Amino acid sequence: VKFFDENKNQISDVINFFADKNLDCVRFRIWVNPELAQENSSKTDYCNLENTIKMAKRVKSLGLKVLIDFHYSDYWADPSQQTIPKKWKEKLSSKNEEDAKTELQKIFFKYTTEALQKFKDENIQVDFVQIGNEITNGIIFPYGSIKEKGSDVQKFSDLASILKEGINATRKIFPESKIILHIDSSGDLSRSLWWFTCAQKSNLDYDIIGLSYYSLWHGTDLAKLETCVKTLSQKFDKSVFIVETAYPFTLGWKDNLSNLYGMKNQLIEGFEASPQGQKSYFEELCSIMKSSVKNHPSAVFWWEPTCTAQENLGLSSTIENITWFDFENRYIGPL
């Protein structure tokens, strides 16, 4: 894909281009064996460990920080789907429920340890490690699901047992890395408080509260987001990162694939679907984070700036209107 700057000059390296605009950290997801995922229609190795290490090397060579987002799945993980990797499922298939949970904890620790060791072997310092992606309802269903009955700690126990293995593995390989626990409930203060209170009661050793915020899923009231961020940071004395956000520069489209953002009722009042509206949204969100998180670092990650639609290359996108490039691949972003 060819990208162009504001003056329509071709960009030789888009990551270097972002670095020149003071972007300072890149977040990479890792899927375990994406080529085995039934949902992965292209059956590619995109986002596997090997390719992620290659990308992380490029980023580190420019002096940027790296956040590794372990999905612990062969494909997308989010609140509704935390599918166990196919090879892990095969290893557990002959065991009873309790033995399977114990074995899964061992697999989880081993996988995280070995993956991070490979980054270390390549002299890649991983600055942030995210143990799971949007684990609001648990991880690796059904083994790490949040239970419906019992005390709060009991409901959270299976999830906590697995997360501790990932945390221990990270502390072992990269003791200086900051560990993120990521949920999507930025628009639901009560759920967020409950979740991180359970994490606290379960003695989870983490550093950063990670949240997703999209107005189409988490509400269009930025005041609620601000209250959530401020409350969580103060109550738990932690950094808060928005590890995923986006906003459209248009409600139009370039390809024949439906977009996530496409309706006016998904927009925030005062922030139109335009390049300026996108920029204003980004600046407002950064301002909210800076004012709401005291005595700790805060951050905003955009998901994601470069996923443009390129039908001539066979690349469709559901988010081509929330990137930082217009439909001619010219930079219009907020940095």
Side-chain angles (χ1 to χ4, degrees), residues 15 18-30 55-56 59-60 62-70 116 119-120 124-136 163 166-167 170-171 173-187 189 192-193 195-197 199-200 203-214 218 222-247 279 281-305 324 333-335:
I15 298 177
F18 286 143
D20 286 344
K21 290 184 174 292
N22 295 321
L23 179 144
D24 62 356
C25 187
V26 180
R27 176 175 177 258
F28 292 111
R29 64 178 167 270
I30 295 184
M55 291 294 294
V59 166
K60 282 302 215 179
L62 297 171
L64 306 181
K65 295 179 181 179
V66 165
L67 189 166
I68 296 301
D69 171 14
F70 285 106
L116 291 176
F119 281 95
K120 193 171 187 178
I124 300 169
Q125 172 65 38
V126 176
D127 302 280
F128 306 98
V129 177
Q130 188 180 306
I131 310 295
N133 191 74
E134 293 189 332
I135 53 175
T136 318
L163 293 179
I167 290 168
T170 303
R171 298 294 189 212
I173 305 301
F174 285 116
E176 301 303 316
S177 295
K178 302 300 183 183
I179 293 175
I180 301 172
L181 298 182
H182 171 211
I183 66 173
D184 80 315
S185 301
S186 57
L189 177 58
S192 297
L193 279 172
W195 202 100
F196 285 103
T197 298
Q200 184 181 58
N203 298 313
L204 293 184
D205 174 26
Y206 73 101
D207 305 291
I208 297 167
I209 292 170
L211 301 172
S212 297
Y213 176 68
Y214 300 98
H218 306 121
L222 287 175
K224 285 187 176 180
L225 170 68
E226 184 173 6
T227 298
C228 184
V229 170
K230 186 178 296 184
T231 303
L232 293 175
S233 183
Q234 291 177 352
K235 180 174 178 58
F236 300 106
D237 193 24
K238 300 280 188 184
S239 288
V240 180
F241 285 9
I242 299 295
V243 294
E244 290 185 30
T245 194
Y247 204 75
K279 179 180 176 65
Y281 166 80
F282 177 80
E283 291 174 345
E284 179 65 17
L285 189 57
C286 289
S287 177
I288 286 172
M289 296 303 294
K290 287 179 181 178
S291 64
S292 300
V293 183
K294 302 295 187 181
N295 305 318
H296 295 286
S298 60
V300 173
F301 289 80
W302 196 272
W303 191 83
E304 70 102 325
W324 288 350
L335 297 181

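Predicted, not measured: the structure shown is a model, and the values here were computed from it.
When side chains are defined from C-beta on, Phe18 does not count as touching Leu62, because their heavy atoms never get closer than 4.5 Å. The closest side-chain heavy-atom distance from Val300 to Tyr213 is not below 4.5 Å. Residues Lys178 and Asp127 have side chains not in contact (no heavy-atom distance under 4.5 Å, counting atoms from C-beta outward). The closest side-chain heavy-atom distance from Leu64 to Ile15 is below 4.5 Å. Taking 4.5 Å as the limit, every side-chain heavy atom of Asn22 sits out of range of all side-chain heavy atoms of Leu335. Looking only at side-chain heavy atoms (C-beta outward), His218 and Ser185 stay at 4.5 Å or farther from each other. A 4.5 Å side-chain heavy-atom check between Ser233 and Lys294 finds every atom pair outside the cut-off. The shortest distance between side-chain heavy atoms of Thr245 and Tyr281 falls below 4.5 Å.
Across Phe174 and Ile124, no two heavy atoms sit closer than the pair CZ-O, 3.3 Å. Trp195 and Ile135 make their closest contact through NE1-O, 3.3 Å (heavy atoms, listed as atom of the first residue, atom of the second, distance). When all heavy atoms of Gly132 and Asp69 are compared, the pair lying nearest together is O-OD1, 3.8 Å. Annotation for Ser177 and Arg171: closest pair O-NH1, 3.2 Å, computed over non-hydrogen atoms. Taking all atoms of both residues into account, the shortest heavy-atom contact from Met289 to Ala299 is CE-O, 4.1 Å. Here the closest non-hydrogen pair linking Ile288 and Ser292 is O-OG, 2.7 Å.
Side chain of Thr197 to main chain of Leu193: a donor-acceptor pair is present (N/O by atom type, distance under 3.5 Å, no hydrogens or angles). Side chain of Thr170 to main chain of Gly166: a donor-acceptor pair is present (N/O by atom type, distance under 3.5 Å, no hydrogens or angles).
Note on ring orientation: taking the six-membered ring where Trp is involved, the planes of Trp302 and Trp324 are tilted (angle from 30° to 60°).
Here Ser298 contributes atom OG and Lys290 contributes atom NZ; the two are 7.5 Å apart, rounded to the nearest 0.5 Å. One distance of note links CD1 of Ile167 with CG of Leu204; it measures 5.0 Å at 0.5 Å rounding. For the atom pair CD of Glu283 and OG of Ser287, the computed distance is 9.5 Å after rounding to the nearest 0.5 Å. Note that the OG atom of Ser212 and the CD atom of Glu244 stand 4.0 Å from one another [nearest 0.5 Å]. The structure places CG of Leu225 at 11.0 Å from CG of Leu189, a figure rounded to the nearest 0.5 Å. In this structure, Ile183 CD1 and Phe196 CZ are separated by 4.5 Å, a value rounded to the nearest 0.5 Å.
When the ring-ring contact (aromatic ring centres under 6.0 Å, His included) test is applied to Phe301, no partner is found at least two apart in sequence or on another chain. Listed by chain and number, the residues in a side-chain hydrogen bond (donor to acceptor under 3.5 Å, both in side chains) with Tyr247 amount to none (sequence neighbours excluded). Among residues two or more places apart in sequence or in another chain, the ring-ring contact (aromatic ring centres under 6.0 Å, His included) test is passed with Phe28 by none. In this view, Arg29 satisfies the salt bridge (Lys or Arg N to Asp or Glu O under 4.0 Å) rule with no residue, not counting sequence neighbours. With sequence neighbours left out, the side-chain hydrogen bond (donor to acceptor under 3.5 Å, both in side chains) criterion links Thr136 to Asp184.
Residue Lys21 places its NZ atom among more than 12 non-hydrogen atoms of other residues, nucleotides or ligands, all under 6.0 Å distant.
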Using atom types as modelled, flag every donor-acceptor pair under 3.5 Å from a side chain in residues 234-243 to any protein atom, sequence neighbours excluded.
| from | atom 1 | to | atom 2 | distance (Å) |
| --- | --- | --- | --- | --- |
| Asp237 | OD1 | His296 | NE2 | 2.8 |
| Lys238 | NZ | Tyr206 | O | 2.6 |
| Ser239 | OG | Pro297 | O | 3.0 |

- Verdict with reasoning, Leu211 to Leu232, per side chain to side chain contact (heavy atoms under 4.5 Å, CB included): CA-CA 11 Å; Leu211 301 172; Leu232 293 175; 4.1 Å; yes

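Of the charged side-chain nitrogens involved, none lies within less than 4.0 Å of a carboxylate oxygen, so that Glu304 and Arg27 do not count as a salt-bridged pair.
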